[in-house]
Amino acid sequence: KNAVYEVDCECLQKKRGRYANLTCEERQIEKEQIIVPTGGVCKESLSYTGKGVTVAILDTGLYPHPDFKDRILSFRDFSSTTGSSEKVLFSFSHFSPLIDNSGHGTHVAGIAGGSYFGTIATSESTTLDKNPYYGVAYDADLVMVGSTLEDTDILNGIKYVFNYADSIDKPAVVNISLNTSYGPHDGTSLFDQAIDAMLGKGKILVGSIGNDAKNKTHASMELNNAETPVLTFFKPSGYAANTFEVWGESDGFTVTVSLTDSQGETVWSCTSNGTDQSFSVPADFNYSEGGEIAYYTELWNNTRRMYRVALNNLNLKGYDIQIGVTGETQHIDLWTDKNSGQFTDNGKSTHVNFDADRTLGELGGTGKRTISVGNYTTRNVWTNFSGKKQSMLIDYPLNKINYTSSRGPASDGRVKPDVTAPGGMIFSAVSSYSDYYKESSANTVARATINGKSYYWGQMTGTSQASPFVAGVIATWLEAN
């Protein structure tokens with residue numbers, strides 16, 4: 001028979017190394033419990049912190065922040081211009097190869113496993129004895145992978161993590177807060193197939209599903225074997241190079257790109273014929289020299305026809321870009337990247353508008369064995385370090401899936417995301433190299449000063465933040481079993 005009691009300071013001080021630097025009162029605040037068996041031997045209750053589990057972050061890099069002091073066991077840098085490098089990290093002096101200028105990787109890592117419990121200031125006049133902005137799996141062993149974010153480097157990075165975890169006989173969970181809009185979106189990409197082959201017991205991959213639900217980067221068409229095309233418009237984001245993809249369920253369709261005038265009349269067009277082709281856009285319609293529309297095509301897995309359409313050097317003289325798809329009865333998906341453009345019906349009932357469904361991103365959002373994570377909002381008001389109240393009340397209602405969070409289903413019908421987690425206004429460690437997180441920035445919420453140097457915590461929002469939350473939770477599960 002076991003008796004359950006509130007925390008006994010002396011017992012926990014002996015049993016848990018992480019309490020060694022805390023006062024008895026601080027340990028009592030934690031409200032942890034212990035189980036005292038009949039024989040009187042002290043044993044902790046089921047409280048999991050990721051101890052004995054490897055948590056890896058594959059991202060933009062890592063700033064030497066106290067949240068990670070003496071926590072990074074290893075890293076592999078695939079972003080080096082002189083080739084890959086490898087080093088085991090034991091102190092801040094070893095962080096230089098993974099400097100995080102954007103702050104994304106630092107913030108993500110802090111959510112999964114940040115562990116600074118010291119004093120912080122939330123304003124010039126307010127100090128907290130204990131930092132409340134620590135990570136989910138704060139006792140996990142951290143591994144950092146810097147990457148060029150190319151598929152090959154990402155795969156090699158994940159393989160490196162699992163090999164490293166095997167070498168120290170520990171389970172591992174890898175987080176990739178990464179996405180791309182292009183691909184089959186059905187789990188059959190070469191990346192997803194390679195990932196599926198790596199994953200298994202004690203080898204888990206968690207990925208963000210993306211933030212494209214609001215970006216107008218997807219459109220759906222239903223063909224009915226008619227000669228009349230299904231239409232939409234594409235608004236490019238710039239002049240130099242913009243891309244969209246058209247994916248069918250079979251090989252039986254063609255794509256036509258047209259230029260239309262203010263009356264909706266077609267003044268010029270080009271149509272795919274199932275091969276790679278390029279068409280020069282006449283100077284009568286385009287200000288820039290070398291205007292071109294290029295089709296690149298593939299019969300994916302000998303089943304699905306795909307066209308990637310590149311719009312190069314298009315600075316049109318007031319014309320709209322219209323996309324028309326004709327062919328056998330089937331569903332058609334069009335995807336683009338927010339940096340390339342948007343789909344729209346231009347207010348015409350004859351055309352298909354953008355939609356938020358199937359906006360899930362490749363890499364983190366489509367794999368059959370990848371745990372894909374969406375974002376729901378648990379905070380929409382905060383006070384920054386300067387004492388100014390910040391608010392996203394209208395855009396981000398509490399306890400709702402964030403309107404930016406990408407949606408499924410996958411093209412093969414699977415439900416995605418697999419889970420949603422807090423991703424709105426998440427406070428975590430940030431990089432001091434980032435211009436977005438200076439002391440006076442709207443999104444900076446706390447500061448710690450150590451040996452005369454200031455370190456900061458700030459808010460970010462997105463599925464990039466929800467994903468490491470889940471990765472941290474899974475690390476605690478792997479610790480349990």
Side-chain angles (χ1 to χ4, degrees), residues 53-59 73-79 84 86 108 112 140-210 245 247 298-304 306 335 358 360-373 406 408-419 463 467-468 470-475 477-478 481:
V53 179
T54 299
V55 173
I57 307 297
L58 195 150
D59 216 289
L73 295 191
S74 181
F75 78 82
R76 183 71 177 262
D77 183 12
F78 289 93
S79 63
S84 297
E86 182 177 343
V108 167
D141 299 325
L142 298 183
V143 172
M144 196 70 198
V145 179
S147 175
T148 62
L149 307 186
E150 295 292 333
D151 283 9
T152 300
D153 285 342
I154 296 170
L155 289 170
N156 286 335
I158 295 170
K159 182 179 180 181
Y160 167 75
V161 172
F162 290 147
N163 288 342
Y164 177 80
D166 282 343
S167 74
I168 58 175
D169 195 27
K170 292 183 178 180
V173 54
V174 180
N175 182 84
I176 55 168
S177 291
L178 308 170
N179 299 105
T180 179
S181 298
Y182 303 115
H185 293 77
D186 61 1
T188 66
S189 70
L190 297 180
F191 180 89
D192 282 344
Q193 291 183 63
I195 287 297
D196 286 350
M198 290 186 201
L199 302 182
K201 184 177 180 180
K203 294 180 172 64
I204 311 296
L205 180 67
V206 181
S208 60
I209 196 170
E245 288 187 350
W247 285 79
E298 182 176 355
L299 189 59
W300 187 255
N301 287 342
N302 293 316
T303 304
R304 300 179 63 191
M306 180 278 289
W335 283 289
R358 302 197 185 206
L360 70 168
E362 290 276 353
L363 301 181
T366 55
K368 294 179 180 179
R369 303 183 74 180
T370 300
I371 298 173
S372 303
V373 185
S406 294
S411 292
D412 58 343
R414 286 174 297 124
V415 173
K416 287 285 185 175
D418 299 291
V419 64
T463 56
S467 183
V470 171
V473 169
I474 290 174
W477 292 356
L478 290 172
N481 185 10

Look at the side chain of [X] and the backbone N and O of [Y], then say whether any donor-acceptor pair between them is shorter than 3.5 Å.
{"X": "Asn175", "Y": "Ile57", "value": "no"}
{"X": "Trp335", "Y": "Arg358", "value": "yes"}
{"X": "Ser411", "Y": "Pro184", "value": "yes"}

Should Ser372 and Asp418 count as side-chain neighbours, where that means a heavy-atom distance under 4.5 Å? yes

Side chain proximity check, Phe191 to Thr366, heavy atoms < 4.5 angstrom: no

Rounded distance (nearest 0.5 Å) linking atom [atom1] of [X] with atom [atom2] of [Y]:
{"X": "Leu363", "Y": "Leu58", "atom1": "CG", "atom2": "CG", "answer": "10.0 Å"}
{"X": "Thr370", "Y": "Ile195", "atom1": "OG1", "atom2": "CD1", "answer": "6.0 Å"}
{"X": "Asn163", "Y": "Arg76", "atom1": "CG", "atom2": "CZ", "answer": "10.0 Å"}
{"X": "Ile204", "Y": "Ile474", "atom1": "CD1", "atom2": "CD1", "answer": "6.5 Å"}
{"X": "Leu205", "Y": "Ile176", "atom1": "CG", "atom2": "CD1", "answer": "4.5 Å"}

Sequence neighbours excluded, which residues qualify as salt bridge (charged side-chain N to carboxylate O under 4.0 Å, His left out) partners of [X]?
{"X": "Asp141", "answer": "Lys170"}
{"X": "Arg369", "answer": "none"}
{"X": "Asp151", "answer": "none"}

Heavy-atom closest contact ([X] atom, [Y] atom, distance):
{"X": "Val173", "Y": "Ala475", "value": "CG1-CB, 4.1 Å"}
{"X": "Gly365", "Y": "Asn179", "value": "N-ND2, 4.1 Å"}
{"X": "Glu362", "Y": "Ser189", "value": "OE1-OG, 3.5 Å"}

Please report the C-alpha distance between Lys203 and Met198 in whole Å, then the side-chain angles of each, then the deciding distance to 0.1 Å, and finally whether the side chain to side chain contact (heavy atoms under 4.5 Å, CB included) criterion is met. CA-CA 8 Å; Lys203 294 180 172 64; Met198 290 186 201; 6.0 Å; no

Residue pairs involving residues 183-202 (criterion salt bridge (charged side-chain N to carboxylate O under 4.0 Å, His left out); sequence neighbours excluded): Asp186-Arg304

Sorted by chain and residue number, the side chain to side chain contact (heavy atoms under 4.5 Å, CB included) partners of Thr463 (sequence neighbours excluded) come out as Ser208, Ile209, Asn211, Asn375, Ser405

Test of understanding: with side chain to side chain contact (heavy atoms under 4.5 Å, CB included), list the residues that count as partners of Ala172, not counting sequence neighbours. Thr54, Val161, Phe162, Ala165

Asn301 CG: over 12 foreign heavy atoms closer than 6.0 Å: yes

May I ask you to check whether over 12 heavy atoms, not counting those of Trp477, lie within 6.0 Å of atom CH2? no

